[in-house]
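Just so we're on the same page: letters track the sequence lines, and every chain starts at 1.
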There are 4 protein chains.
Amino acid sequence: MARERKFSIDELFHETNQLLLKHGYDGFTFGLLADSLNVSRGALYKYFENKDELLTNFIFYEMDQFLLKLKQIDDQQGFEAQFDFLLQLIFSHVDIQKLIKIAQQIPGNEEKFGKLHFDMYQYLQGFIELGKQEGKLKSTIPNALILGYIFQSVAIPNHFDIPTSVWVSSIKEIIRHGMFTNT
Amino acid sequence: MARERKFSIDELFHETNQLLLKHGYDGFTFGLLADSLNVSRGALYKYFENKDELLTNFIFYEMDQFLLKLKQIDDQQGFEAQFDFLLQLIFSHVDIQKLIKIAQQIPGNEEKFGKLHFDMYQYLQGFIELGKQEGKLKSTIPNALILGYIFQSVAIPNHFDIPTSVWVSSIKEIIRHGMFTNT
Amino acid sequence: MARERKFSIDELFHETNQLLLKHGYDGFTFGLLADSLNVSRGALYKYFENKDELLTNFIFYEMDQFLLKLKQIDDQQGFEAQFDFLLQLIFSHVDIQKLIKIAQQIPGNEEKFGKLHFDMYQYLQGFIELGKQEGKLKSTIPNALILGYIFQSVAIPNHFDIPTSVWVSSIKEIIRHGMFTNT
Amino acid sequence: MARERKFSIDELFHETNQLLLKHGYDGFTFGLLADSLNVSRGALYKYFENKDELLTNFIFYEMDQFLLKLKQIDDQQGFEAQFDFLLQLIFSHVDIQKLIKIAQQIPGNEEKFGKLHFDMYQYLQGFIELGKQEGKLKSTIPNALILGYIFQSVAIPNHFDIPTSVWVSSIKEIIRHGMFTNT
DNA sequence: GATGAATGAGAATTCATTCAT
DNA sequence: TATGAATGAATTCTCATTCAT
């Protein structure tokens with residue numbers, strides 16, 4: 001009965017993603033988004049009361065998607081398989097880390113997203129424990145650091161355009177056995 | 001007979017540092033800085049044509065300071081000593097990484113700062129080469145990744161407040177020999 | 001076979017009344033009204049071309065209702081009875097005064113409502129004349145002031161919550177014989 | 001040293017007064033005011049953080065001016081003189097009543113201005129008491145109503161342009177001895 | 001008749017920047 | 001040099017109103 005929508009929430013989220021990564025939290029504006037979608041600013045306010053609500057919703061949505069996939073780590077048999085799964089997942093969702101950082105800038109959500117981050121870590125406790133039980137992971141290293149390290153590795157800027165395969169396998173090697181030889 | 005300056009560039013840079021880290025690129029304003037220094041906005045424009053020029057100058061200055069110290073790595077004898085020196089330096093200049101990220105947001109400076117980052121890496125080529133010559137560093141890992149990894153490690157958020165000494169020594173261990181056992 | 005109306009004009013006017021008194025002319029919006037009636041904004045535009053038309057219609061309607069009752073003043077025998085009737089009527093329609101003030105804010109209706117106000121006064125000429133003929137009302141006081149005074153008395157804010165009966169009888173006393181003693 | 005001001009706070013308040021009375025609380029905008037003063041909107045924000053702060057300040061200022069004059073009522077000898085003084089004052093500050101009503105619309109100031117109104121009444125307790133002591137004012141009428149009535153009388157709209165002198169003396173007559181004859 | 005989308009104009013507010021003194 | 005004023009552009013947000021279904 002009503003007029004047909006000029007854009008879907010999916011499209012809106014898609015554009016939001018692009019613009020957010022490109023311009024950052026402060027640089028992202030309703031004007032930018034409206035232009036991307038070829039709609040008026042006002043139209044966006046029908047769906048989200050303000051910028052922060054939009055971004056909060058969007059990032060929660062993305063995080064949920066990511067956590068859903070992360071959950072599948074439990075389907076992998078053995079620590080090594082889980083490790084590979086995790087790295088592959090992280091590398092195919094590079095932007096999630098950036099979004100999380102952006103999320104932390106949204107005023108009023110500090111705890112909310114702090115918690116989310118925390119949850120994600122919690123989520124991987126099983127994986128860590130398994131690694132330590134299997135004697136694969138060094139028991140002396142704090143769990144938080146292990147996870148932090150793995151997640152962080154995705155953020156190392158590849159300024160020199162080293163081929164992805166080399167890059168990724170090197171990272172795995174460092175994570176596993178470090179950059180020092182055993183001599 | 002000139003009127004005495006109400007503030008020195010040192011003070012200006014010091015406040016800039018504080019405010020920039022606290023509020024980020026967009027959040028940093030001349031108003032904020034002027035208030036911190038108890039001067040008028042207008043006065044700041046006598047020294048820097050605009051916000052971006054100020055920030056560019058400031059970050060270059062900081063980077064120079066850092067590079068100066070980094071240069072001292074050559075005074076260290078042997079790769080192991082240089083490695084320790086580098087890590088200690090990075091951990092005592094945590095904010096440099098943040099400033100670099102901020103620098104990348106300044107429009108028109110993309111390459112400029114890309115280059116600076118690049119230079120810093122260049123700077124450490126000697127260190128890397130030494131490590132590989134001494135047979136300490138795995139020769140298969142790209143130099144850029146080695147440095148990237150080392151620098152990045154400082155940015156892993158210690159959400160669970162693990163004591164610094166444990167944190168740092170664990171990081172060193174991972175960098176050296178990874179998080180996997182050798183079994 | 002037409003779809004049944006989801007709301008009657010009576011309901012619409014009733015809600016308009018509430019909202020108008022609560023939020024004032026500027027604060028009253030179609031959105032507010034639509035929500036109260038559980039209809040869409042758009043639906044309201046089927047009945048009234050715009051906000052001002054709605055409010056104009058509504059206030060005219062209310063005024064008509066009020067004038068209808070006011071007309072009954074002629075049924076009262078004698079000036080004293082008419083006086084009591086009038087006061088009782090005014091006190092039981094406190095909001096009419098507010099609506100009239102609001103009406104004066106509607107752009108383009110200045111004269112229209114000026115006239116309406118005027119008419120109401122005209123309406124009570126008979127009452128005034130009777131009072132003066134009966135020698136009850138001081139002939140020196142302009143008719144407009146007599147009516148203005150009576151109507152205005154309803155608008156005195158009772159900040160200290162003096163009981164209505166005391167309040168009203170005191171007002172009557174002032175209107176009749178003033179607040180000064182006769183000494 | 002700095003540029004000369006294009007407008008003074010006095011001019012600003014003067015224009016505010018005009019515009020506020022003409023357009024009401026909602027209708028009053030910084031744009032309107034800026035235009036009146038031939039300045040940019042932005043300039044106004046140097047003096048007042050926002051519309052409400054401006055209006056609050058302005059109205060407080062006006063009220064203070066008024067209360068200052070009101071205080072002089074104590075210089076008048078005897079109740080009759082005070083009564084005349086009060087009426088003359090009120091009639092020469094017709095707009096104060098309107099401003100007070102507007103003040104009540106400013107969100108967050110409800111109590112603040114409620115109190116101010118209250119204070120003004122308190123201020124006149126002495127006058128009322130004197131009137132009752134001298135046996136001039138009917139002791140049965142609540143003080144609040146006496147004052148309310150006096151203040152309110154200024155607000156009766158003189159739609160028919162009755163000459164001020166007649167209007168005012170008639171009002172005084174009604175206040176003193178009512179509109180009824182003594183028969 | 002009714003809906004819900006979309007528009008577009010206007011208002012508040014913030015700042016980088018310019019300018020007269 | 002420094003000041004404090006003023007500007008103007010950008011941004012957020014709110015509605016009255018229009019429109020396709």
Closest listed nucleotide, where the reference is the side chain of A/R5 and the choices are F/dT12, E/dA5, E/dA12: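 In terms of side-chain proximity for A/R5, the closest of F/dT12, E/dA5, E/dA12 is E/dA5.
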Opposite nucleotide pairing with E/dA20, Watson-Crick or G-U, both atom distances under 3.5 Å: F/dT3
Once you round it to whole Å, what is the distance between [atom2] of [N] and [atom1] of [X]?
| X | N | atom1 | atom2 | answer |
| --- | --- | --- | --- | --- |
| A/E53 | F/dT14 | CD | P | 11 Å |
| A/D35 | F/dA10 | CG | P | 12 Å |
| B/L32 | E/dC15 | CG | C1' | 12 Å |
| D/F30 | F/dT12 | CZ | P | 20 Å |

Got a donor-acceptor pair under 3.5 Å from the side chain of A/K46 to the base of E/dA5?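 Checked by distance alone, the answer is no.
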At less than 4.0 Å, is any side-chain N or O atom of [X] found next to OP1 or OP2 of [N]? Yes or no.
| X | N | answer |
| --- | --- | --- |
| C/K51 | F/dA16 | yes |
| A/Y47 | E/dA6 | yes |
| D/K6 | F/dT7 | yes |

Which part of the nucleic acid does C/S40 contact within heavy-atom distance under 4.0 Å: base, sugar-phosphate only, or nothing? base
Assign the ring pair A/F7 / A/Y47 to parallel, tilted or perpendicular, where the plane angle (0 to 90°) is split at 30° and 60°.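 Perpendicular, since the angle between the ring planes exceeds 60°.
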Exercise: do C/Y25 and C/D52 side chains pair donor with acceptor under 3.5 Å: yes
